[in-house]
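Okay, so here's the structure we're looking at.
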Amino acid sequence: MTKTALIRDLRRIVGTANVVTDNDSLRVYECDGYTIEKARPELVVLPASAEEVVAVVKLLARERIAFVPRGAGTGLSGGSLPVEAPVTICTSRMTRILHLDPRNRRAIVEAGVVNAAISRAAAPFGLCYAPDPSSQPACTIGGNVAENSGGPHTLKYGVTTNHVLGVEIVLASGERLQFGGLSEDTYGYDLTGFTVGSEGTFGIVTKVFVRLVRLPEAVKTFLAVFESVADATATVSGIIAAGIVPAALEMMDQTIIEAVEDAYHVGYPRDAGAVLIVELDGIASAVEAQAERVVATCREYGAREVRVARDEAERALLWKSRKRAFGAVGRLAPNYCTQDGVVPRTKVPDILRAIQAAAATHRLRIGNVFHAGDGNIHPILLYDERDAEQVERVLAAGRDILAACVELGGSLTGEHGIGIEKMNQMPLIFTQDDLDAMRRLRLAFDPEERCNPHKIFPTPGGCVEVKWPRRGVPL
Ligand SMILES: Cc1cc2nc3c(=O)[nH]c(=O)nc-3n(C[C@H](O)[C@H](O)[C@H](O)COP(=O)(O)OP(=O)(O)OC[C@H]3O[C@@H](n4cnc5c(N)ncnc54)[C@H](O)[C@@H]3O)c2cc1C
């Protein structure tokens, strides 16, 4: 089939305007939030429903064309980068909340529904969808499922997998299946569990069955200011050791504090070494009792100031500054790469030392903003992509930081996935037998590896040079 004929047939399925073919528009889809590598797809298809996804995927199956699922493109590991897959299928038109059942605290949503839209729809019933990535005003639930996304409040509430009861998925053959559903427990293999975190390599998720949770009766948010990152990290362990699990426990270091203050004027002291945002939620009386202990613990570990958000506006400003911290980083350098790793909480001081060492070795400026409570680090490596040598240093520093995470008993990703970025580091964690077993599982869903090829699994031959731009393939 010629490219022209394919475009004609795809347009018959989704409508003329919903097949993107011109070069300028395709540039939007040439990377996600991991901007170090880029590859432009040949075509982007924007279906409006699961039925249209099935028809599109069946056509691609007949022609044996590889494709990449894409939500909002906020991913940070290059998951939706088209590598030897000419067609991108983007769910951004699939935005219907199909079912909302407040009494049973469940919802069924299409894959392109934006994360924050679920909580907005549930709020009038006193409910919300708990996993709240900082990208929640933009990222889709389909992307969240693929990456098993976390967020500031997943310290207490758990990550995506803890809130997804089922999925509808269209396999690369065009077969449409449902795993799990609205009920709490299902029989047989946990195929929903396999799908969550599969990074778009099993098929395209078209519907997600989610659990909703009650909005807390009371919320208290604190800003604790420290002279050093070491004092702030010791406080994190101190709070948890005191038997308190806050809803969120987030840290920003001085580099990020300055950028955020310039952007949002929150009133952070620019000379502080680190700040912690601590949020407690639950029953009002319990929150009050815990609040006193949190303040005392912060002071015991050297906080020079502990402020309580006096009202919802102050609380919203604190969260805005944290959740939009990445945006503020644009003030510091033309480009940045957000690394993502995880270590046991008690090893946070060690990994921060390793990050400092990587910054010195590779002559880079690195800021830190992260989910300190669960040991999920996000060093932000600042650079200028116009200088290829700087890009090499960023990649090398990223590799050193992830190797340090593994050495400290942690892992390659806390929440952003492996994607294209970290696939060649998978052998740091997994044996060849482990990787082969995972690959066989993937093949059960997608035997021809046409759905999001060349992701997660290391390139055969082990340590392979990173090359970019990645190979696009013509149709
Ligand atoms: C400013 C910023 C802050 C962030 N904060 C967080 C955070 O706090 N926590 C966190 O976990 N992540 C965070 N992220 C990362 C990112 O937002 C998440 O990984 C998110 O889940 C990606 O969703 P998306 O819709 O943008 O997916 P995309 O980037 O479009 O895709 C991500 C992956 O999912 C696959 N995919 C997308 N849709 C589907 C589908 N329907 N079916 C199958 N596969 C699909 C793609 O193939 C790709 O592999 C942040 C990103 C940014 C830019």
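One-based numbering, in listed order, for ligands and for the atoms of each. Values in this document were obtained by computation on a predicted structure and should not be read as measured data.
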What protein heavy atom sits nearest atom 46 (C) of ligand 1, and how far away is it? Pro69 O, 3.1 Å
Polar atom proximity, Gly73 to ligand 1 (N or O, under 3.5 Å): yes
Polar contact flag for Asp132 and ligand 1 (N/O pairs, less than 3.5 Å): no
Does any N or O atom in Asp32 lie less than 3.5 angstrom from one in ligand 1, N or O only? no
Mutual orientation of the aromatic rings belonging to Phe179 and Phe445 [parallel < 30°, tilted 30-60°, perpendicular > 60°]: perpendicular
So which bit of Arg70 gets within less than 4.0 Å of ligand 1, heavy atoms only: side chain, backbone, both or neither? both
Would you say the side chain of Phe457 lies within less than 4.5 Å of the side chain of Met438, judging by non-hydrogen atoms? yes
Nitrogen or oxygen atoms of Leu76 and ligand 1 under 3.5 Å apart: no
Separation between CD (Glu147) and OG1 (Thr74), nearest 0.5 Å, reads 8.5 Å
Geometric N/O contact Thr74 with ligand 1, under 3.5 angstrom: yes
Counting only heavy atoms not in Arg324 (residues, nucleotides, ligands), do more than 12 fall under 6.0 Å from its CZ? no
Quick note on ligand 1: atoms under 4.0 Å from a heavy atom of Glu199 include exactly 49 (O)
Working for salt bridge (Lys or Arg N to Asp or Glu O under 4.0 Å), residues Lys220 and Asp281: CA-CA 6 Å; Lys220 221 170 183 109; Asp281 72 5; over 6 Å; no
Could you pull out, from His416, Glu147, Met94, Glu110, the option with a heavy atom nearest to atom 32 (C) of ligand 1? Glu147
Among all protein heavy atoms in this structure, tell me which lies nearest to atom 43 (C) of ligand 1, with the distance rounded to 0.1 Å. Gly203 O, 3.3 Å
Examine the side chains of Ser321 and Tyr268 and answer whether a donor and an acceptor come within less than 3.5 Å of each other. yes
For Lys323, state whether at least one heavy atom is located under 4.0 Å from any atom of ligand 1. no
With a cut-off of 6.0 Å (strictly less than), are more than 12 heavy atoms of other residues, nucleotides or ligands near CZ of Arg386? no
Distance-only N or O hit between ligand 1 and Gly150, under 3.5 Å: yes
Closest to atom 52 (C) of ligand 1 (heavy atoms only, candidates Gly75, Ala85, Gly151, Ser135) is Ser135
Specify side chain, backbone, both or neither for Arg324, according to which of its non-hydrogen atoms lie closer than 4.0 Å to ligand 1. neither
Using only heavy-atom distances, determine whether the side chains of Ser149 and Glu415 contain a donor-acceptor pair under 3.5 Å. no
Taken in chain and number order and not counting sequence neighbours, the residues that satisfy side-chain contact (heavy atoms from CB on, under 4.5 Å) with Ala172 are Phe67, Asp446, Arg450, Cys451
Which bit of Asn452 is near ligand 1, meaning a heavy atom under 4.0 Å away: side chain, backbone, both or neither? side chain
Would you say Val205 has any N or O atom under 3.5 Å from an N or O of ligand 1, going by distance alone? yes
So is Ala111 polar-close to ligand 1, meaning N/O to N/O under 3.5 Å? no
Can you tell which part of Thr91 has a heavy atom less than 4.0 Å from ligand 1: side chain, backbone, both or neither? side chain
Would you say ligand 1 has an N or O under 3.5 Å from any N or O of Gly71? yes
Under 3.5 Å side-chain donor-acceptor pair for Thr160 and Asn144: no
Heteroatom proximity flag, Cys139 to ligand 1, N/O under 3.5 Å: no
If we count only N and O atoms by modelled type, under 3.5 Å, do the side chains of Asn376 and Asp340 hold a donor and an acceptor together? yes
Is Glu449 salt-bridged to Lys455, going by a charged N under 4.0 Å from an acidic O? no
